[in-house]
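Below is one structure; the comments refer to it alone.
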Amino acid sequence: PLIKYPYHIFCPMQTIQIDGLKFDGPYVLGRDELPNVPAIALIITEAGEGFKIMSVLHGVNIKEEIENSPKQDCWHKHAYHDIIDIYLNLDDMPESKREDYRIRCIEKRKDVIFCDEVTKIVDDW
């Protein structure tokens, strides 16, 4: 009989560039071991000929940040065949710079990143 394997079995690590930063992956949520390091993570799923970013996270321990994220239900709900890919940027940068990147990335794609939002600034005039 024909056995169908998930595409990740044959998918080597690769680098993608989003908004000026390079990310390596895919690490597959629930299958691959994530490093305990400061990083920015793109939570991605397949989308036709490309991919769709579902969330952007960062933390001093990215493994813990991802594993404890309250957004996991949203990721599973929207993931193609329930496969959630993670791409990591491990550049040494201050936490404030990682948060600035996360906000810019989400704001730029606010109509398509459906598992994230940024705090809206309310004008009090």
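Please read these numbers as outputs of a predicted model, since none were measured by experiment.
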>> Quick check: closest heavy atoms across L88 and A41, and the distance to 0.1 Å?
In response: CD2-CB, 3.6 Å
> Linking I/L/V/M/F/W/Y whenever any side-chain heavy atoms sit under 4.5 Å apart, do V37 and V60 land together?
Replying inline: no
> What's the shortest heavy-atom distance between P38 and R98, and which atoms?
Replying inline: CB-NH1, 3.7 Å
>> Less than 4.5 Å apart, side chain to side chain, heavy atoms only: is that true for E33 and Y27?
In response: no
> Can you name the nearest heavy-atom pair linking L34 to K63, along with the distance?
Replying inline: O-CD, 3.4 Å
> Just by distance, do the side chain of R102 and the backbone of I40 share a donor-acceptor pair under 3.5 Å?
Replying inline: no
>> When you compare the side chain of V28 with that of D85, does any pair of heavy atoms fall below 4.5 Å?
In response: yes
>> If you compare all heavy atoms of Y87 against all heavy atoms of I44, which two are closest, and at what distance to 0.1 Å?
In response: CD1-CD1, 3.6 Å
>> If you compare all heavy atoms of P35 against all heavy atoms of I62, which two are closest, and at what distance to 0.1 Å?
In response: O-CG2, 3.5 Å
> Does some side-chain heavy atom of K108 sit less than 4.5 Å from a side-chain heavy atom of D19?
Replying inline: yes
> Is D91 close to K97 at the side-chain level, that is, under 4.5 Å between some pair of heavy atoms?
Replying inline: no
> Pick from I16, L90, T15: which one makes a side chain to side chain contact (heavy atoms under 4.5 Å, CB included) with K22?
Replying inline: T15
> Is there a side-chain contact between L29 and I86 (heavy atoms, below 4.5 Å)?
Replying inline: yes
>> Could you tell me if the side chain of V56 sits less than 4.5 Å from the side chain of I18, heavy atoms only?
In response: no
>> Does anything in residues 64-82 form a salt bridge (Lys or Arg N to Asp or Glu O under 4.0 Å)? List the pairs, not counting sequence neighbours.
In response: K71-D116
> Do any pairs count as a ring-ring contact (aromatic ring centres under 6.0 Å, His included) and have a residue in residues 54-80, sequence neighbours left out, and if so which ones?
Replying inline: H78-F114
